[in-house]
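Presented below is the structure to which this report refers.
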2 protein chains.
Amino acid sequence: MPSRRADPVTVEVVELIGDVVARYHTEYEHVAASHQLTGAQARVLNLLAMEPLPMRRIAQKLRCEPSNVTGIVDRLETRGLVERRPDPADRRVKLAAPTEEGLRTADRLRESLDFAREPLAGLSTQERTALRDLLKRMLA
Amino acid sequence: MPSRRADPVTVEVVELIGDVVARYHTEYEHVAASHQLTGAQARVLNLLAMEPLPMRRIAQKLRCEPSNVTGIVDRLETRGLVERRPDPADRRVKLAAPTEEGLRTADRLRESLDFAREPLAGLSTQERTALRDLLKRMLA
DNA sequence: TATTGTTATACTCTATAACTATA
DNA sequence: TATAGTTATAGAGTATAACAATA
């Protein structure tokens, strides 16, 4: 292998992706903070708004240890945004589910995020389609 | 404003960007960990490998409070990867600079990252160019 | 007076290991 | 015995406020 040095365009794309990542992260944390939530809390609340999940599944989605989820859900529960329910099928399992207020907060969170993520507005439909296809291929 | 609901393609692109962000983050942390560094430490070391910086500037680059940089640089300094130097022009300022070993680590880190980021290899030069231009417009 | 870096403090996220209650 | 969730613990990143040295 004479060299794995990337060509100039690849280097540019990698840097741009770094920019996208930084921007995405900054905006996500900012929107979460505007709802008095940390990034991790916002992610969990958003997950649970789609469907209630066992603690273990949350950890898998977040790619972290199950012990961490206990604290995150604790804090959401203290805030009245999430509640733990027993799983009728397996008494070892606790299902974390959003409360009514949690669902409302998740909705407002998602609206803010849609808005914050709208740097795409400057692209035409054709361009967005092209971007979608390229990103898909890249992640394949 | 009747609705700010995004069109389906935009939703798809936003989700794909979320995937890219997650993947980038995972790989960055993984590569950093393989060098016994946290993500924040790797980012600072990478910054300093480009040029020595005052503590204040590092905080600005990381978008965090200056007090946090003290600890991160402390840990890099304990590891012998970074050193603090006085700024001859302003005795209040401390310049953080990589040691020889720090530069070597930064080089190996960057090589690993180039390799890890190579999902781009599946795209042709034309496609990479198109992706670059779309990302640029998106970030403009 | 204003600025640079640090310290002190408190909170959150993180992983590891040990514990409990179920299965 | 294996699994789900928790607790205990320790390390790291984060923000805020107060401080010393220097400008």
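Just so it is clear, the model here is predicted, and its values are computed rather than measured. Residue numbers begin at 1 in each chain, while the letters A, B, ... track the order of the sequences.
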Whole angstroms only, please: what is the [atom1]-[atom2] distance between [X] and [N]?
{"X": "B:Leu76", "N": "D:dA12", "atom1": "CG", "atom2": "P", "value": "11 Å"}
{"X": "A:Glu77", "N": "D:dT6", "atom1": "CD", "atom2": "C1'", "value": "13 Å"}
{"X": "A:Glu65", "N": "D:dT6", "atom1": "CD", "atom2": "P", "value": "14 Å"}
{"X": "A:Glu83", "N": "D:dG5", "atom1": "CD", "atom2": "P", "value": "16 Å"}
{"X": "A:Asp87", "N": "C:dA21", "atom1": "CG", "atom2": "C1'", "value": "15 Å"}
{"X": "B:Asn68", "N": "C:dT7", "atom1": "CG", "atom2": "P", "value": "13 Å"}
{"X": "B:Arg63", "N": "D:dG13", "atom1": "CZ", "atom2": "P", "value": "19 Å"}
{"X": "B:Asp74", "N": "C:dT6", "atom1": "CG", "atom2": "P", "value": "7 Å"}

Please check the phosphate of [N] (OP1 and OP2 only) for any side-chain N or O of [X] closer than 4.0 Å.
{"X": "A:Arg91", "N": "D:dA4", "result": "no"}
{"X": "B:Lys94", "N": "D:dA21", "result": "no"}
{"X": "A:Arg84", "N": "D:dG5", "result": "no"}
{"X": "A:Arg75", "N": "C:dC13", "result": "yes"}

With a 3.5 Å distance limit and no angle check, can you tell me whether [X] reaches the backbone of [Y] through a side-chain donor-acceptor pair?
{"X": "B:Glu15", "Y": "B:Glu12", "answer": "no"}
{"X": "A:Arg128", "Y": "B:Val13", "answer": "no"}
{"X": "A:Glu27", "Y": "A:Tyr24", "answer": "no"}
{"X": "A:Thr99", "Y": "A:Gly80", "answer": "yes"}

Which atom of A:Ile72 lies closest to which atom of A:Ala40, heavy atoms considered =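 Looking at all heavy atoms of both residues, the closest pair is CD1-CB, 4.0 Å.
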
Proximity to the side chain of A:Arg92 - top-ranked nucleotide from D:dA23, C:dA23, D:dA12 | C:dA23

Nearest to the side chain of B:Val93 - D:dA4, C:dA15, C:dT4?
->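 From the listed options, C:dT4 comes nearest.
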
Would you jot down, in residue-number order, the residues of residues 32-57 of chain A having a non-hydrogen atom under 4.0 Å from DNA chain C?
->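 Within this stretch, A:Thr38, A:Ala40, A:Gln41 sit under 4.0 Å of the strand.
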
Between A:Val69 and B:Leu62, who's closer to the 5' end of DNA chain D by nearest nucleotide?
->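 Nearest-nucleotide comparison on DNA chain D picks A:Val69.
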
Chi angles and distances behind the side-chain contact (heavy atoms from CB on, under 4.5 Å) call for A:Val21, A:Ile17 | CA-CA 6 Å; A:Val21 169; A:Ile17 289 175; 4.2 Å; yes

Which residues satisfy the side-chain hydrogen bond (donor to acceptor under 3.5 Å, both in side chains) test with B:Arg84, sequence neighbours excluded?
->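 Listed in chain order: B:Asp74, B:Glu77.
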
In chain order, what residues pass the side chain to side chain contact (heavy atoms under 4.5 Å, CB included) check against A:Ala130, with sequence neighbours excluded?
->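 Only B:Leu134 meet the side chain to side chain contact (heavy atoms under 4.5 Å, CB included) criterion with A:Ala130.
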
Assign each of A:Ile72 and A:Asp90 to its nearest nucleotide of DNA chain C by heavy atoms, then name whichever residue's nucleotide is nearer the 5' end.
-> A:Ile72

Presence of donor-acceptor pair under 3.5 Å, side chain of B:Ser67 and base of D:dT14 |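 No, no donor-acceptor pair under 3.5 Å.
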
Check if the side chain of B:Thr70 and the base of C:dT7 share a donor-acceptor pair of N or O atoms closer than 3.5 Å.
->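 Under the 3.5 Å cut-off, the side chain and the base do not form any donor-acceptor pair.
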
